[in-house]
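To start, the structure itself, in structure tokens.
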Amino acid sequence: MNQPLRTIAVGFDGSPSAELAVRWSFALARQLDARVVLVHAVGLLQRLEGADAPERFLESVHRLADEVGFDRRRLGWHVTDGDACSVLLRATDEPIGADLLVVGSRGQGVHAGLMLGSTSLQLAERATIPLVIVPAGRDAD
Amino acid sequence: MLIMNGPVDDAGHEDPGHPERPDRLRAVVSGVEDLHLGDDLTLVEPYTATRAELTRVHEGSYLDELGAFCYEGGGNIDEDTYATYDSWSLAQYAAGAGLAVVEEMRRHDGAVGFIATRPPGHHALRDRAMGFCLLNNIAVTAAALTGEGERVLILDWDVHHGNGTQSIFWNDPNVLYVSTHQWPLYPGSGGAREIGGPDALGLTVNLPLPAGATGDVVRQALDQVASPVVDQFDPTWVLVSAGYDAHRLDPLAELALSGGDFAALAAMAAGFAPRPGRLAFFLEGGYDLSALRGSVAATLGAVVGSDFRPEEPTTGGLGVDEVHRAQSERGVALRIALGSDPGEDFL
Ligand SMILES: [Zn+2]
């Protein structure tokens with residue numbers, strides 16, 4: 001890698017798997033002095049949960065940052081309508097301008113081991129910047 | 001005459017609490033019954049799309065994977081989309097229904113087609129289920145028609161952008177895809193600058209509208225931006241992705257249409273067809289049951305002749321500026337793609 005890694009975009013849907021990805025990103029960002037931008041895709045069903053659902057996610061992200069001592073000023077939050085895969089692929093563009101994508105291995109409520117709708121596998125096929133898939137720990141299941 | 005697919009038992013495609021549910025189809029059938037068509041309604045036998053018919057628009061490997069997933073009992077495919085043991089066979093019925101309806105339409109003069117199936121289809125990509133959709137039903141019929149040399153207009157008035165349909169026909173010179181949709185909203189695609197691939201430049205027309213847009217604005221968008229493209233394309237068939245989630249009562253989005261607006265849109269769609277007998281409506285979304293029933297009746301009543309009285313059309317909502325913006329953004333994107341404009345003012 002020739003350029004320094006400045007911005008890490010992490011997919012965040014509130015799942016335990018996404019929380020692991022966020023923790024991993026905080027640790028890496030501290031070593032590299034990079035920013036972390038949490039990217040949350042608002043899907044079809046989330047419209048039924050009311051407008052404050054993304055805010056609840058933001059609270060839990062702040063809690064995670066405080067827990068590991070990650071500076072909130074280096075933390076961004078990006079909420080946009082769409083499916084998780086397309087939204088994360090666009091994280092390379094402005095305003096995020098990510099140099100690295102990080103996702104958990106399994107989204108919220110999604111069937112374990114399923115290739116069909118796996119955001120991480122689709123990203124692996126389509127991403128134009130490096131991608132890290134953070135596996136679920138043994139005790140996370 | 002209205003030609004519609006005959007009923008199949010779709011109770012097996014259900015996820016408790018999910019808005020894409022079997023009651024939707026019952027509401028749709030009630031809407032058709034409200035028209036009292038009598039002998040002017042023909043139901044065609046359920047038909048399962050074959051693998052050859054499906055692989056015109058889907059990857060074979062995706063079909064295998066989806067079939068196997070359902071056979072093993074199904075589950076959540078993504079945070080929005082589910083499949084059950086029965087979903088694979090029901091999705092094949094849904095994808096085949098348009099083929100059977102079109103075939104029957106050819107045996108009658110001036111009939112209108114209505115394909116009332118679930119799961120819906122317009123978000124389904126070549127290789128991926130998403131947005132409640134497993135197989136792209138309207139695309140299966142459109143591809144069959146273009147295979148016979150037809151030129152197909154797909155008009156998509158579902159409140160969500162039909163990303164699957166757009167992507168399947170992105171570079172196909174025989175399909176014109178026109179979509180009105182709320183923006184921003186799932187799935188996030190459908191900007192006015194998305195105009196089609198190099199072999200089909202201009203044959204994707206996206207008309208993104210803000211929350212609160214009313215029926216008059218949707219009609220203006222179609223009149224002002226889409227109509228000239230339709231005239232030039234000169235379709236031989238018109239297929240409509242008729243979602244009813246742009247209705248003001250729908251819980252999944254914030255456009256402000258009424259049943260009467262769908263009657264007006266249906267009349268516009270009929271006007272785009274080259275002659276009677278070349279217009280078919282495919283059910284997509286719509287999650288408020290009473291709005292769904294009234295809007296289906298309004299749509300079909302407007303084109304088959306009926307004394308059904310829909311809700312009043314809506315006017316005066318937001319979005320006129322966005323229609324003008326879509327038109328200019330589209331124009332600039334076209335000039336850039338054709339190499340006649342460096343696009344400085346655009347970038
Ligand atoms: Zn929809």
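Reminder, nothing fancy here: chain letters follow the sequence lines and each chain counts from 1. This one's a predicted model, so the numbers in the text were calculated from it and none came from an experiment.
- With a 4.5 Å cut-off on non-hydrogen atoms, E20(B) does not touch chain A at all.
- The choice from W183(B), F132(B), Y287(B), Y82(B) that makes the most heavy-atom pairs within less than 4.5 Å of chain A is F132(B).
- Test V87(A), D83(A), V42(A) against Y186(B) for side chain to side chain contact (heavy atoms under 4.5 Å, CB included) and you get one pass: D83(A).
- G43(A) and D80(B) make their closest contact through CA-OD2, 3.7 Å (heavy atoms, listed as atom of the first residue, atom of the second, distance).
- Rounding to the nearest 0.5 Å places CG of L125(B) at 8.0 Å from OG of S86(A).
- Contact of H160(B) with chain A is made through the side chain alone, with heavy-atom distances under 4.5 Å.
- The number of heavy-atom neighbours closer than 6.0 Å to CZ of R126(B), taken from other residues, nucleotides and ligands shown, is above 12.
- In F26(A), the CZ atom is crowded: over 12 heavy atoms of neighbouring residues, nucleotides or ligands sit closer than 6.0 Å.
- Nearest heavy-atom pair across L48(A) and P251(B) is CD2-CB, 3.7 Å.
- A41(A) and E79(B) make their closest contact through O-OE2, 4.0 Å (heavy atoms, listed as atom of the first residue, atom of the second, distance).
- There is no contact between E72(B) and chain A, counting heavy-atom distances below 4.5 Å.
- S189(B) contributes atom OG, which lies 11.5 Å from atom CG of D81(A) (distance to the nearest 0.5 angstrom).
- With rounding to the nearest 0.5 angstrom, the CZ atom of R128(B) is 5.0 Å from the SG atom of C85(A).
- With values rounded to the nearest 0.5 angstrom, L45(A) atom CG is found 9.0 Å from D78(B) atom CG.
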